[in-house]
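Accompanying notes for the structure given below.
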Amino acid sequence: MRFDILTIFPKIFDSYFSETIIKRALKKKLIQINMHNIRDFTTDKHHTVDDRPYGGGPGMIFKLEPIFQALKKINRRKKSKIVLLTPTGKQFNQQMANRFAKLDQLILIAGRYEGIDARVDKLVSDKVSIGPYVLSGGELPAMVIIEAVTRLIPGVLGHKDSAKSDSFTLNKEYLEYPQYTRPAKFKKWSAPSVLLTGNHKLIEAWRKKKSNIARKNKTEK
Ligand code: SAM
């Protein structure tokens, strides 16, 4: 899988991509990440990427031309999507992460300012939001999506079944059961005794019950 990120702040990604699963996935060549600094695709000497909004209003608007030029330079793979990160997009979830993980390439456009010239719609295949709140830029949303997608790529996680039992994986509402590890008793808090029985049927039933309770608690107002 190849990720291409269009941003005016490529350095933001450096430390995040040089740690943990992303680092390992890069090293194992399971993913590739290409950064594209949108400022490199401007033509004026100040490398301007923003301008005032037509019709007036606060703030500045990301210009279309440098994004168009940056996209033109990216080699496209067969199964690829161009995703605009925007709070007004379709909300990202585990199912979307699963669909993205089957692609060969995900091109992510991180906006800034008040948003991007709306004609960007002509250039993208999807518009995605990571949640109903406003951030200052699309860099964190790009990292969120890359992380969620990368851990679904075979060979990335230590155990091949790790992602299969994660919350939201079996279906949208599924939540994982509580997990415990050694020691069995810490201060006055004990791990549930059923988990220490070695009886897989009992453990499975307990986990199912706890998973249903977690879902009920989450959805209850
Ligand atoms: N004025 C815009 C609005 O009200 O919808 C918000 C623009 S925001 C300050 C600047 C950029 O951050 C956006 O163009 C987008 O790329 C990114 N962004 C902010 N919140 C986001 C979210 N929840 N999901 C995805 N991208 C987001």
Side-chain angles (χ1 to χ4, degrees), residues 1-20 22-23 25-26 31-93 96-97 99-101 103-150:
M1 155 72 87
R2 192 172 102 194
F3 297 100
D4 288 272
I5 307 170
L6 279 69
T7 171
I8 53 169
F9 294 114
K11 283 195 190 132
I12 287 180
F13 297 86
D14 288 352
S15 77
Y16 194 69
F17 290 161
S18 57
E19 304 282 350
T20 80
I22 304 288
K23 180 186 173 184
L26 284 166
I31 61 166
Q32 201 186 324
I33 301 176
N34 290 349
M35 303 299 307
H36 308 273
N37 188 339
I38 303 171
R39 283 199 196 280
D40 295 343
F41 298 89
T42 52
T43 47
D44 64 313
K45 73 170 180 188
H46 299 296
H47 300 289
T48 312
V49 291
D50 59 325
D51 208 336
R52 284 168 294 139
Y54 278 131
M60 300 295 272
I61 304 300
F62 216 118
K63 289 162 73 67
L64 190 62
E65 300 100 304
I67 293 174
F68 177 84
Q69 296 301 342
L71 286 173
K72 227 167 89 177
K73 281 276 158 66
I74 296 175
N75 289 325
R76 294 293 293 276
R77 290 192 170 176
K78 207 166 167 199
K79 285 189 282 168
S80 114
K81 276 189 184 293
I82 303 181
V83 173
L84 175 69
L85 299 159
T86 164
T88 62
K90 199 166 167 199
Q91 185 146 343
F92 186 62
N93 61 17
M96 203 188 283
R99 286 198 297 278
F100 285 168
L103 299 171
D104 302 321
Q105 181 182 35
L106 195 55
I107 302 170
L108 300 162
I109 305 174
R112 282 269 154 184
Y113 314 113
E114 283 300 313
I116 302 182
D117 183 315
R119 288 167 288 184
V120 71
D121 285 7
K122 308 282 178 209
L123 310 178
V124 304
S125 54
D126 298 70
K127 297 206 273 182
V128 175
S129 161
I130 62 156
Y133 41 78
V134 176
L135 302 166
S136 300
E139 287 76 16
L140 284 171
M143 284 190 238
V144 166
I145 292 173
I146 290 173
E147 163 112 10
V149 171
T150 297

Can you tell me which residue pairs pass the side-chain hydrogen bond (donor to acceptor under 3.5 Å, both in side chains) test with a partner in residues 48-57, sequence neighbours excluded? Asp44-Thr48
Output the distance between atom CD (Glu65) and atom OG1 (Thr43), rounded to the nearest 0.5 Å. 7.5 Å
So do the side chains of Ile109 and Leu71 get within less than 4.5 Å of each other, counting heavy atoms only? yes
Arg2 vs Asn75, side chain to side chain contact (heavy atoms under 4.5 Å, CB included): CA-CA, chis, key distance, verdict: CA-CA 11 Å; Arg2 192 172 102 194; Asn75 289 325; 4.3 Å; yes
Please report the closest heavy-atom contact between Ile116 and Ile67, naming both atoms and the distance. CG2-CD1, 3.8 Å
Which donor-acceptor pairs under 3.5 Å do side chains of residues 132-139 form with protein atoms, sequence neighbours excluded?
unit_1, atom_1, unit_2, atom_2, d
Tyr133, OH, Ile130, O, 3.3
Glu139, OE1, Arg112, NE, 3.1
Glu139, OE1, Arg112, NH2, 2.8
Glu139, OE2, Thr7, OG1, 2.7

To the nearest 0.5 Å, atom CD of Glu114 lies from atom CD1 of Ile61 at 6.0 Å
Flag side-chain contact, heavy atom, 4.5 Å: Tyr16 against Glu147: yes
Can you tell me how far CD1 of Ile107 sits from CG of Asp126, rounded to the nearest 0.5 angstrom? 11.0 Å
Spatial distance of atom CE (Met1) from atom CG (Leu103) [nearest 0.5 Å]: 5.0 Å
Where at least one partner belongs to residues 6-18, residue pairs that pass salt bridge (Lys or Arg N to Asp or Glu O under 4.0 Å), sequence neighbours excluded: none
Give the C-alpha distance, both sets of side-chain angles, the deciding distance and a yes or no for side chain to side chain contact (heavy atoms under 4.5 Å, CB included) between Ile31 and Val149. CA-CA 10 Å; Ile31 61 166; Val149 171; over 6 Å; no
Identify each donor-acceptor pair in which a side-chain atom of residues 78-87 lies under 3.5 Å from a protein atom, sequence neighbours left out, and give them as a table.
unit_1, atom_1, unit_2, atom_2, d
Lys79, NZ, Lys102, O, 3.1
Ser80, OG, Arg76, NE, 2.8
Ser80, OG, Arg76, NH2, 2.9
Ser80, OG, Gln105, OE1, 3.3
Thr86, OG1, Thr88, N, 3.1
Thr86, OG1, Thr88, OG1, 2.9

Do Met143 and Ile12 have side-chain heavy atoms sitting under 4.5 Å apart? yes
Show the nearest heavy-atom pair for residues Pro53 and Gly59, with the distance to one decimal. CD-O, 3.3 Å
Check each of Leu106, Asn34, Leu108, Ile33 against Asp4 using the side chain to side chain contact (heavy atoms under 4.5 Å, CB included) test, and report the only one that passes. Asn34
Side chain to side chain contact (heavy atoms under 4.5 Å, CB included) between Lys73 and His36, intermediate numbers included: CA-CA 9 Å; Lys73 281 276 158 66; His36 308 273; over 6 Å; no
Taking ring-ring contact (aromatic ring centres under 6.0 Å, His included) as the cut-off, I'd like each qualifying pair that reaches into residues 60-91, sequence neighbours left out, listed once. Phe62-Tyr113
Got a donor-acceptor contact below 3.5 angstrom from the Thr42 side chain to the Arg39 backbone? yes
Between Phe13 and Ala142 the two heavy atoms that sit nearest each other are CE2-CB, 4.1 Å
Please round to the nearest 0.5 Å and tell me the distance separating atom CG of Asn37 and atom CZ of Phe9. 9.5 Å
Nearest 0.5 Å, please: how far is CZ in Phe17 from CG in Leu26? 8.0 Å
So side-chain hydrogen bond (donor to acceptor under 3.5 Å, both in side chains) across residues 115-124, not counting sequence neighbours, yields Asp117-Arg119, Asp121-Lys127
